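Take a look at the structure below.
Model, not experiment: these values are computed from the prediction. For the numbers below, each heavy atom of this structure counts, side chains included, while hydrogens, waters and symmetry mates do not.
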Amino acid sequence: MYTMKQVCEEANMTYQTLKYYCNEGLVPNVKRDKNNHRIFDEANLKWIKDLVCLKKCGLSIIEMKEYLDMCLQGESTIIPRKEMLARKQEELRTSIKELEDSVDYIDWKQNFYDEVLSGKRPYTSNLIRIEEE
């Protein structure tokens, strides 16, 4: 069994986040000890780690609740769960592509500046207009 603090350490999350997830109903089947403190078993911990991953994948709280509801319905909801994750996966792939394009731009710009500073290329700017005489 795990305390809130132990779960937070294991799942690499804040106490406030775990408490929020519990209060929002995202962690089902949580038991309480004799002092009414939440205690978590191995299955809870694994699910909480899944929630951390789902959040990193960009799922909102509402989407995580929808996903949880489907999970609790069992095997009959595997297809809609796969579809939900596939949509999120495509969004992530698009974000990765946009980030790669941004890194490519910065690489190009850094190379341009290096060439200007080393004298290999003259400095030009789209912002500074040189008046023709």
Side-chain angles (χ1 to χ4, degrees):
M1 298 307 264
Y2 299 90
T3 65
M4 292 268 294
K5 183 179 178 189
Q6 290 169 325
V7 169
C8 290
E9 290 169 1
E10 288 286 325
N12 195 28
M13 68 190 315
T14 66
Y15 185 92
Q16 292 81 2
T17 300
L18 178 56
K19 186 175 180 180
Y20 179 75
Y21 284 1
C22 290
N23 290 341
E24 286 295 311
L26 283 168
V27 187
N29 308 315
V30 175
K31 297 184 179 18
R32 296 201 177 244
D33 67 12
K34 63 181 181 248
N35 297 317
N36 203 31
H37 296 119
R38 290 181 180 100
I39 52 173
F40 304 85
D41 61 19
E42 202 64 39
N44 296 137
L45 178 60
K46 287 179 182 174
W47 172 247
I48 291 164
K49 287 180 177 180
D50 285 350
L51 288 174
V52 171
C53 288
L54 292 171
K55 187 65 177 169
K56 287 180 182 176
C57 290
L59 269 74
S60 67
I61 296 296
I62 291 170
E63 289 170 318
M64 290 194 301
K65 285 180 178 181
E66 290 172 12
Y67 187 78
L68 169 62
D69 288 343
M70 286 189 279
C71 290
L72 291 172
Q73 293 174 46
E75 192 175 336
S76 66
T77 62
I78 287 177
I79 291 173
R81 283 184 267 167
K82 282 181 58 69
E83 291 168 348
M84 179 183 210
L85 293 176
R87 285 189 303 274
K88 196 52 69 173
Q89 184 180 46
E90 188 55 37
E91 289 174 22
L92 288 170
R93 290 187 196 286
T94 299
S95 294
I96 289 168
K97 175 68 173 112
E98 290 170 356
L99 288 170
E100 287 173 342
D101 290 347
S102 296
V103 169
D104 288 345
Y105 170 78
I106 291 173
D107 287 344
W108 173 83
K109 204 64 169 175
Q110 292 285 38
N111 185 56
F112 171 79
Y113 292 143
D114 288 343
E115 288 179 357
V116 169
L117 292 171
S118 68
K120 290 182 182 174
R121 141 189 310 224
Y123 178 74
T124 57
S125 171
N126 294 324
L127 300 174
I128 301 171
R129 304 277 184 217
I130 299 174
E131 298 292 326
E132 293 185 28
E133 295 179 27

Can [Y] be reached from [X] by stepping across I, L, V, M, F, W or Y side chains whose heavy atoms are under 4.5 Å apart?
| X | Y | value |
| --- | --- | --- |
| Trp47 | Ile62 | no |
| Val27 | Met70 | yes |
| Leu99 | Ile106 | no |
| Ile61 | Tyr15 | yes |
| Met13 | Val30 | yes |

Checklist entry - Under the criterion side-chain contact (heavy atoms from CB on, under 4.5 Å), which of Glu10, Met4, Gln6, Met1 is the partner of Phe40? => result Met4
Show the nearest heavy-atom pair for residues [X] and [Y], with the distance to one decimal.
| X | Y | value |
| --- | --- | --- |
| Pro28 | Leu72 | CG-CD2, 4.3 Å |
| Gly58 | Lys88 | O-NZ, 3.3 Å |
| Leu18 | Cys8 | CD2-SG, 3.8 Å |

Flag the pair [X] / [Y] as yes when at least one side-chain heavy-atom distance between them is below 4.5 Å, and no otherwise.
| X | Y | answer |
| --- | --- | --- |
| Arg81 | Met84 | no |
| His37 | Thr3 | no |
| Leu85 | Leu54 | yes |
| Met64 | Leu68 | no |
| Glu42 | Leu45 | yes |

Item to check | Pairs where residues 99-117 contributes a residue and the test salt bridge (Lys or Arg N to Asp or Glu O under 4.0 Å) is met, not counting sequence neighbours | outcome: Lys97-Asp101, Glu115-Arg121
Next on the checklist: Strictly by salt bridge (Lys or Arg N to Asp or Glu O under 4.0 Å), give each pair with a member in residues 19-34 just once, sequence neighbours left out.
Outcome noted: Glu24-Lys65
Checklist entry - Can you say whether the rings of Trp108 and Phe112 are parallel (under 30°), tilted (30 to 60°) or perpendicular (over 60°)? => result parallel
Checklist entry - Considering residues, nucleotides and ligands other than Ile79, do more than 12 of their heavy atoms fall under 6.0 Å from its CD1? => result no
Checklist entry - Within a radius of less than 6.0 Å around CG of Asn35, do more than 12 heavy atoms belonging to other residues, nucleotides or ligands occur? => result yes
[X] [atom1] to [Y] [atom2] distance, which is reported to the nearest 0.5 Å:
| X | Y | atom1 | atom2 | answer |
| --- | --- | --- | --- | --- |
| Lys46 | Leu51 | NZ | CG | 15.0 Å |
| Leu26 | Asp50 | CG | CG | 12.0 Å |
| Leu59 | Cys53 | CG | SG | 11.0 Å |
| Tyr2 | Asp41 | OH | CG | 9.0 Å |

Item to check | Under 3.5 Å: donor-acceptor pair, side chain of Thr77, backbone of Pro80 | outcome: no
Checklist entry - Yes or no on side chain to side chain contact (heavy atoms under 4.5 Å, CB included) for Arg87 and Glu90, after CA distance, side-chain angles and deciding distance? => result CA-CA 5 Å; Arg87 285 189 303 274; Glu90 188 55 37; 5.9 Å; no
